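Because the structure is predicted, anything quoted here is derived from the model rather than measured. Every heavy atom of this structure was used, including side-chain atoms; hydrogens, water molecules and symmetry mates were not.
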Amino acid sequence: MTDWIDIAELNDVPQRGARVVKTAHGCVAVFRTAEDEVFALDNACPHKKGPLAEGIVHGKAVTCPLHNWAISLETGSVMGVDEGQVSTYPARVQDGRILLDGTFLRARAVA
């Protein structure tokens with residue numbers, strides 16, 4: 001059974017923007033695309049741990065603000081010639097609210 005956590009109203013996150021949700025196991029970046037889709041990833045670029053929530057959202061990707069690595073919001077994989085991966089987390093919009101999968105968040109490993 002999934003335990004969805006209501007974290008914010010969709011409009012609390014600007015289109016093509018992000019917000020950070022602090023959890024007991026680290027920070028999660030919640031992104032909103034221009035099409036109002038939401039995605040949740042670790043808030044640290046796999047390259048040098050740049051704050052992804054401060055990056056530029058374009059299409060279904062975010063570009064790290066430190067070294068311009070592009071990361072897929074759908075898979076967490078680094079795009080292009082660079083290599084790396086960030087964790088992704090189930091997120092959805094319901095009745096104008098952003099929800100994160102609480103069961104999944106609680107089960108994630110602490111690095």
Least distance between heavy atoms, Cys64 atom then Gly50 atom: SG-CA, 3.9 Å

Could you give the distance from OG (Ser72) to CE (Met79), rounded to the nearest 0.5 Å? 6.0 Å

Validation row: Trp4, Asp101 side chains within 4.5 angstrom (heavy atoms): yes

How would you list, by chain and number, every residue that makes a side chain to side chain contact (heavy atoms under 4.5 Å, CB included) with Asn11, sequence neighbours excluded? Glu9, Arg32

Where at least one partner belongs to residues 58-68, residue pairs that pass salt bridge (charged side-chain N to carboxylate O under 4.0 Å, His left out), sequence neighbours excluded: Glu37-Lys60, Lys60-Glu74

Indicate every side-chain donor-acceptor pair of residues 14-22 with a distance under 3.5 Å to a residue at least two apart or in another chain.
residue	atom	partner	partner atom	Å
Gln15	NE2	Ala34	O	3.0
Gln15	NE2	Asp36	OD1	2.9
Arg19	NE	Asp12	O	3.4

Criterion side-chain contact (heavy atoms from CB on, under 4.5 Å) on Tyr89 and Val30, from CA distance to verdict: CA-CA 9 Å; Tyr89 305 96; Val30 177; over 6 Å; no

Between Thr88 and Gly76, the two heavy atoms sitting closest are CG2-N, 3.5 Å

CG (Asn43) and OG1 (Thr23) are apart, to the nearest 0.5 Å, by 11.0 Å

With sequence neighbours left out, write down each residue that passes salt bridge (charged side-chain N to carboxylate O under 4.0 Å, His left out) with Asp82, or none if nothing qualifies. none

According to side chain to side chain donor-acceptor pair (under 3.5 Å), who are the partners of Glu54, at least two apart in sequence or on a separate chain? none

When rounded to the nearest 0.5 angstrom, what distance separates CG in Asp3 from OG1 in Thr103? 4.5 Å

If you link I, L, V, M, F, W and Y whenever their side-chain heavy atoms are under 4.5 Å apart, who else ends up in the same group as Val62? Phe31, Phe39, Leu41, Leu52, Val57, Trp69, Ile71, Leu73, Val78, Val86

Within one Ile-Leu-Val-Met-Phe-Trp-Tyr cluster: Ile7 and Val93, side-chain cutoff 4.5 Å: yes

Non-neighbouring partners of Gln94 that pass side chain to side chain contact (heavy atoms under 4.5 Å, CB included), sequence neighbours left out: Arg92, Leu99

If every non-hydrogen atom of Gly59 is compared with every non-hydrogen atom of Thr33, which pair is closest and at what distance? O-CG2, 3.6 Å

Residue list, side chain to side chain donor-acceptor pair (under 3.5 Å) with Thr63, at least two apart or on another chain: His58

Phe104 side, atom CZ; Ile5 side, atom CD1 - distance, nearest 0.5 Å: 12.5 Å

Identify the two heavy atoms, one from Leu100 and one from Ala91, that lie closest to each other, and give their separation to 0.1 Å. CD2-CB, 3.6 Å

